[in-house]
Amino acid sequence: MGSDSEAEKTQQKEKERKKLLAIAPIAKPLAGKKLSKRTLKLVRRAAEHKCLKRGVKEVVKSIRRGQKGLCVIAGNISPIDVITHVPILCEEAEIPYVYVHSKEDLANAGATKRPTCCVLVQTKPNKGELGPEEQEKLKADYNQVAADVSELTSSLF
């Protein structure tokens, strides 16, 4: 019984180590465990309220059209050339962005089965309206994560 749990712990540590090795060298600012968890929670809530753009093509289109939000990019994308232009677009449009460790976690949070390179979290849905309570909760979570991301970014530079 004890050896099974030890084997599982060892296996889990090995998975985490492989995740860290798969992260691209350009993945900066990379969210820590706490910020990553909070960011994925925000992505999950935004997906529930249909305030989320998924995939490189949709995110780039939204940024070019002038929509604002928080861009969350996966750090383990291969080949990395697929997303290298996204941070530049975000900086030009003054949109905060952050890297998370894995595209699989980002897809799970975004309510899709396929791994997702990047998502854009918006505070307002594209179609329809949110109730005032849901709007306030989403906006409060968004503001908290955006503040943490800007703090992380300012400490890097």
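Only heavy atoms go into these numbers, but all of them, side chains included; no hydrogens, no water, no symmetry mates. Predicted model, so just to flag it, every value in this text is computed and none were measured.
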Would you give the length of the straight line joining atom CD of E6 to atom CD of E8, rounded to the nearest 0.5 angstrom?
10.0 Å

What heavy-atom pair brings G69 and P96 nearest, and what distance separates the two atoms?
O-CD, 3.5 Å

Would a distance-only check, ignoring hydrogens and angles, find a side-chain to backbone donor-acceptor pair under 3.5 Å from Y97 to V86?
no

Which heavy atom of P115 sits nearest to which heavy atom of A107, and what is that distance?
CA-CB, 3.7 Å

Sidechain-backbone polar pair: R54 side chain, G110 backbone, donor-acceptor under 3.5 Å:
yes

Go through it in stages, so that I can follow the logic: the residues are I80 and I26, the test is side-chain contact (heavy atoms from CB on, under 4.5 Å), and I'd like the CA-CA distance, side-chain angles, deciding distance and then a yes or no.
CA-CA 9 Å; I80 195 66; I26 68 159; 3.7 Å; yes

Nearest 0.5 Å, what's the CD1-CG distance between I77 and L106?
8.0 Å

For T123, the side-chain hydrogen bond (donor to acceptor under 3.5 Å, both in side chains) test, sequence neighbours excluded, returns none

Once you round to the nearest 0.5 Å, how far does NZ of K68 lie from SG of C90?
9.5 Å

Rounded to the nearest 0.5 Å, what separates atom CG in N76 from atom CD in E104?
5.5 Å

L35 and T39: which non-hydrogen atoms are nearest, and at how many Å?
O-OG1, 2.6 Å

Salt bridge (charged side-chain N to carboxylate O under 4.0 Å, His left out): which pairs involve residues 34-46, sequence neighbours left out?
R38-D148, R45-D141

Within a strict 4.5 Å, meaning less than it, do heavy atoms of the Q144 and L42 side chains meet?
no

Where is the tightest heavy-atom contact between P87 and Y99, given as atom of each residue plus distance?
CG-OH, 3.2 Å

Intermediate values then yes/no, side-chain contact (heavy atoms from CB on, under 4.5 Å), Q67 and K53:
CA-CA 11 Å; Q67 296 177 354; K53 297 286 184 182; 3.9 Å; yes

After noting the C-alpha distance and the side-chain angles of I63 and E92, does the key distance pass the side-chain contact (heavy atoms from CB on, under 4.5 Å) rule?
CA-CA 10 Å; I63 293 172; E92 287 175 354; over 6 Å; no

Counting only heavy atoms not in K137, do more than 12 sit closer than 6.0 Å to its NZ atom?
no

Any residue meeting side chain to side chain contact (heavy atoms under 4.5 Å, CB included) with A46, in chain and number order, not counting sequence neighbours:
C51, L52, V121, L138

Do D105 side-chain atoms and V100 backbone N/O form a donor-acceptor pair below 3.5 Å?
no

Separation of L120 CG from I95 CD1 (nearest 0.5 Å):
6.0 Å

Which heavy atom in A74 sits nearest to a heavy atom in S102, and how many Å separate them?
CB-C, 4.1 Å

Would C118 and T116 satisfy side-chain contact (heavy atoms from CB on, under 4.5 Å), going step by step from the backbone distance to the final call?
CA-CA 6 Å; C118 60; T116 306; 5.9 Å; no

Hey, are the side chains of V145 and L70 touching, using non-hydrogen atoms and a 4.5 Å cut-off?
yes

Quick check for you: to the nearest 0.5 Å, what is the distance between H49 atom NE2 and Q135 atom CD?
9.0 Å

